Amino acid sequence: FDVSPCTSGRSRWLRTATTCPSPTALDSTTLATIQSALETSTDANPFIRDITLTGAGCTSSVATIGAQVQTAGQCFEHVHPQLYGVFDFSRWVINHNGNEPAALAGRPNPIAKWATQGFTALVFP
């Protein structure tokens, strides 16, 4: 994922450890802006934190992409905005265009079969 958290609106940060192994060198204003947003976030997720960086104070640069930031005794790493996202594919299971051919051939639903076999992820393709 190659979009700076300073330009993308909402950005996602993974809590990785108490101490960053390789904190990213950022200019002091950008670092302070990101730290403040992480510290004042009301996101209660224990693994990731979503923040929105708006206005001045955050300089978009290559260094901010995937940055590791140390703040308030925790390390956060900028990650893809859909990391750990959960998506409901219930309608797709019903409306998938492969359902009818599978049923006519006596095969299970091509999407639901993964869940009925105990899998928790669907990798495409």
Side-chain angles (χ1 to χ4, degrees):
F1 182 67
D2 62 353
V3 176
S4 168
C6 298
T7 60
S8 63
R10 183 185 66 86
S11 61
R12 180 158 288 180
W13 295 78
L14 175 67
R15 180 177 291 143
T16 59
T18 54
T19 304
C20 291
S22 302
T24 304
L26 300 171
D27 69 80
S28 60
T29 303
T30 297
L31 179 60
T33 299
I34 294 172
Q35 287 173 322
S36 176
L38 288 167
E39 291 172 17
T40 59
S41 170
T42 58
D43 188 337
N45 188 306
F47 305 106
I48 56 173
R49 187 161 295 166
D50 289 339
I51 61 172
T52 301
L53 299 169
T54 58
C58 192
T59 303
S60 178
S61 70
V62 173
T64 59
I65 300 169
Q68 289 184 3
V69 173
Q70 184 76 38
T71 188
Q74 300 176 66
C75 179
F76 290 92
E77 181 178 351
H78 176 241
V79 294
H80 191 281
Q82 294 178 353
L83 180 71
Y84 295 138
V86 176
F87 302 92
D88 181 356
F89 285 95
S90 299
R91 291 175 116 357
W92 188 48
V93 170
I94 296 166
N95 297 321
H96 184 267
N97 62 3
N99 290 346
E100 186 176 346
L104 292 173
R107 296 189 315 266
N109 178 300
I111 303 304
K113 72 178 182 181
W114 304 107
T116 59
Q117 292 175 5
F119 294 99
T120 58
L122 175 63
V123 179
F124 179 81

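Only a predicted model underlies this, so the values are computations on that prediction, with no experimental measurement involved.
Between the CD atom of Gln74 and the OG1 atom of Thr19 there is a distance of 10.5 Å, given to the nearest 0.5 Å. With rounding to the nearest 0.5 angstrom, the CZ atom of Arg49 is 9.5 Å from the OG1 atom of Thr42. One distance of note links NE2 of His78 with OG of Ser4; it measures 6.5 Å at 0.5 Å rounding. The CG atom of Asn45 sits 7.5 Å away from the CZ atom of Arg12 when rounded to the nearest 0.5 Å.
No more than 12 heavy atoms of other residues, nucleotides or ligands sit less than 6.0 Å from atom CD of Glu100.
Side-chain contact between Arg15 and Phe47: absent, with no pair of heavy atoms (C-beta onward) separated by less than 4.5 Å. Between Ile111 and Trp92, the closest side-chain pair of non-hydrogen atoms falls below 4.5 Å. The shortest side-chain heavy-atom distance between Ser11 and Asp50 does not fall under the 4.5 Å cut-off. Ile51 is not listed as a side-chain neighbour of Asp43, based on a closest heavy-atom distance of 4.5 Å or more. The shortest distance between side-chain heavy atoms of Pro108 and Thr116 does not fall below 4.5 Å. Side-chain contact between Trp13 and Ser41 is absent, with no heavy-atom pair separated by less than 4.5 Å. Side-chain atoms of Ile34 and Cys58, non-hydrogen and from C-beta on, do get closer than 4.5 Å to each other.
In plain terms, the two heavy atoms of Ile65 and Pro5 that are nearest each other are N-CD, 4.3 Å. Closest approach of Ala112 and Asn109 over heavy atoms only: N-OD1, 2.8 Å. Pairing each heavy atom of Pro21 with each of Gln68, the nearest pair is CD-OE1, 3.6 Å. In terms of heavy atoms, Gln70 sits closest to Thr18 at NE2-O, 2.7 Å.
Aromatic ring orientation, Trp114 versus Phe119: perpendicular (interplanar angle above 60°, classes split at 30° and 60°).
Legend: disulfide bond (SG atoms under 2.5 Å apart) pairs involving residues 83-113, not counting sequence neighbours: none detected.
Under the 3.5 Å distance criterion, the side-chain polar atoms of Asn99 are matched with a main-chain donor or acceptor of Ile94.
For the side-chain contact (heavy atoms from CB on, under 4.5 Å) with Leu26, the lone residue among Thr59, Thr33, Thr64 that qualifies is Thr64.
Linking ILVMFWY residues whenever their side-chain heavy atoms come closer than 4.5 Å, directly or via other members, places Phe87 and Val93 in the same cluster.
Not counting sequence neighbours, Tyr84 has no partner by the ring pair (Phe, Tyr, Trp, His ring centres under 6.0 Å) test.
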